[in-house]
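Inspection log for the structure reproduced underneath, given as C-alpha cells.
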Amino acid sequence: MGDPGRIETTVVDGLALANELRDAMSREIASLVAAGHRPPHLTVVLVGDDPASRSYIKGKQRACARIGADSSEYLLPESTSEKELLELLDRLNHDDAIDGILVQLPLPKQISPEAVAEAIDPAKDADALHPLNFGRLLLGNAKLVSCTPLGVMAVLDHHEIEIAGAHAVVIGRSNIVGKPVSILLQQRNATVTMCHSRTRDLADHCRSADILVAAAGNPRMVKGDWIRPGAAVMDVGVTEVEGRLVGDVDFEAALGVAGLITPSRRGIGPMTITMLLRNTLEAYRARKLGSADPSRRAGQPT
Ligand code: NAD
C-alpha cells in the first residue's frame, strides 16, 4: 500500500514535447521550401571561447539543421571591442538573408549587454531582449518573446494546467526569465507573486503557489515542504554541481507532492531551444511572408 497522502507526480518529458513542436516546424519549413521560398536562417554570435557557450551554440545550430532551417555562426575573439561587435550586428541587421540574430551571453566585460540588445534589429531579435520587444510584451502584443518563458508556458499549456485564476509564484526577476514569465502568466490571468533574492518568507510564498516557477540558479533551494500538494512546478534553474546539472527544486523531495514537475534534464532546456527556433520562424514569417502566426500572441491584457 502506498502512502494515501502521496500524489502521483507527472514528470514532464520536455524533450518529447520539444520534438513534437519541432516536427511541426519542420513540416512547415519543408512546405515553404517546396513552394520556392528559402528556409529561415538563424545566425549566432559568440564572443570569446567559453566552452559551455560554444557547446550551447552548437546545440542551437544542430536544432536548426534538424528542422531544415539554415544557421551560421560568428566566433569573435575575447578581445573584441563593443564597437566591433555593434558593427557586425549592423551588417547582420542589413543582411536580408538572415532572419534571426542571437548573441550568446555572457559577454566579456568590455561589452555592454544592454548596448548589444539595443543594437539588434527588433524584427530579428531571436532572444527577444530588445527594449521594443520587451515593451510590446508588457503591452500584451509581443511577437517575439524570450525563449525560456515561452517554453514554460508551452509546458503548462500542453499539460492543460489551469492558469486563469491560479496563484503563480515566480522565483527570480531576471530580464531573460523571471520578469517575462511573470508577465506572460499575469496576461493569462494568473495572480502572480514575483520573488527574488530580497524576498522575506520565500517558503511561505511558495506554499501558496498553484504554479511555481523556480528560476534563481540556486541548486535544490525549493524543498519538498515548500510545495503545495498538486502544484505545477516549473524548475528552470540549472547549476552544475559536482559534474551534474541540478535544478532549483529538490526533485526527489518534490515527487509525491507536486502534481507536475519539470526535471533538470529533458525539462525546460529542450523547450528553450525549441522556442528559439519558433522565434526564428516567426521573424522569418513576419519579414518574408508578411504574416506572423496569430497563435503566437503572448497574451491579452485585460
Ligand atoms: P539571474 O542570475 O540573472 O537571475 C537570478 C534571479 O534569482 C535574480 O532575480 C535573483 O534575485 C533571484 N535569486 C537568486 N537567489 C535567490 C534566492 N536565494 N532566493 C530568491 N531569489 C533568488 O539568472 P537567470 O538568467 O534568470 O537564470 C536563472 C536560472 O535559470 C539559472 O540557473 C540559469 O542557468 C537557468 N536558466 C535555464 C534555462 C534553460 O533553458 N533551462 C534558460 C535560462 C536560464
Side-chain angles (χ1 to χ4, degrees), residues 11-15 17-19 21-22 44 50-53 55-60 62-63 102-107 112-114 116-117 126-129 134 137 145-156 168-185 192-209 212-223 226-227 233-251 261-279:
V11 177
V12 171
D13 188 341
L15 187 60
L17 176 55
N19 283 336
L21 297 172
R22 290 180 202 189
V44 185
D50 175 48
S53 294
S55 128
Y56 292 148
I57 70 165
K58 287 281 165 240
K60 288 166 184 173
R62 264 199 311 274
L102 179 141
V103 178
Q104 185 66 46
L105 300 176
L107 288 161
S112 147
E114 290 79 20
V116 168
D127 239 355
L129 292 173
F134 233 91
L137 173 64
V145 177
S146 44
C147 307
T148 304
L150 278 182
V152 168
M153 300 306 287
V155 168
L156 292 172
V169 173
V170 177
I171 311 175
R173 56 176 164 183
S174 70
N175 290 338
I176 199 149
V177 188
K179 274 185 214 164
V181 82
S182 301
I183 295 164
L184 292 176
L185 286 162
V192 183
T193 302
M194 287 178 77
C195 300
H196 46 76
S197 50
R198 305 285 181 89
T199 297
R200 269 188 246 134
D201 306 323
L202 181 62
D204 283 346
H205 288 294
C206 293
R207 283 186 190 111
S208 66
L212 178 60
V213 182
N218 192 355
R220 298 193 188 96
M221 70 180 280
V222 175
K223 309 299 175 205
W226 292 22
I227 297 169
V233 179
M234 302 289 104
D235 189 0
V236 175
V238 199
T239 310
E240 194 173 322
V241 180
E242 293 164 2
R244 275 188 59 217
L245 294 182
V246 176
D248 283 354
V249 179
D250 183 341
F251 183 78
I261 188 166
T262 58
S264 50
R265 285 193 66 246
R266 297 175 61 132
I268 295 297
M271 290 302 292
T272 296
I273 299 190
T274 303
M275 294 302 150
L276 174 68
L277 301 172
R278 187 176 266 212
N279 275 349

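When reading the values below, keep in mind they use all heavy atoms of this one structure, side chains included, and skip hydrogens, waters and symmetry mates. When a residue number appears, it is its place in the shown sequence, counting from 1. Order of listing sets the numbers, starting from 1, for every ligand and every atom in it.
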With distance as the sole test, does [X] use its side chain to make a donor-acceptor pair with the main-chain N or O of [Y] at under 3.5 Å?
X	Y	value
D127	C147	no
T199	L202	no
D248	R220	no
T262	D235	yes

In a simple table, one pair per line, please give the protein and ligand 1 atom names for every N or O pair closer than 3.5 Å, along with the distance.
unit_1	atom_1	unit_2	atom_2	d
ligand 1	9 (O)	R173	N	2.8
ligand 1	11 (O)	S197	N	3.0
ligand 1	11 (O)	S197	OG	3.2
ligand 1	18 (N)	N218	ND2	3.1
ligand 1	21 (N)	H196	O	3.4
ligand 1	21 (N)	S197	N	3.2
ligand 1	26 (O)	S174	OG	2.4
ligand 1	32 (O)	V238	N	3.0
ligand 1	32 (O)	V238	O	3.2
ligand 1	34 (O)	V238	O	3.3
ligand 1	40 (O)	T272	OG1	2.8

Next on the checklist: Checking K58 now: which residues fulfil salt bridge (charged side-chain N to carboxylate O under 4.0 Å, His left out) with it, not counting sequence neighbours?
Outcome noted: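 Residues passing salt bridge (charged side-chain N to carboxylate O under 4.0 Å, His left out) with K58: E73.
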Item to check | Worked check of side-chain contact (heavy atoms from CB on, under 4.5 Å) between N175 and F134 | outcome: CA-CA 9 Å; N175 290 338; F134 233 91; 4.1 Å; yes
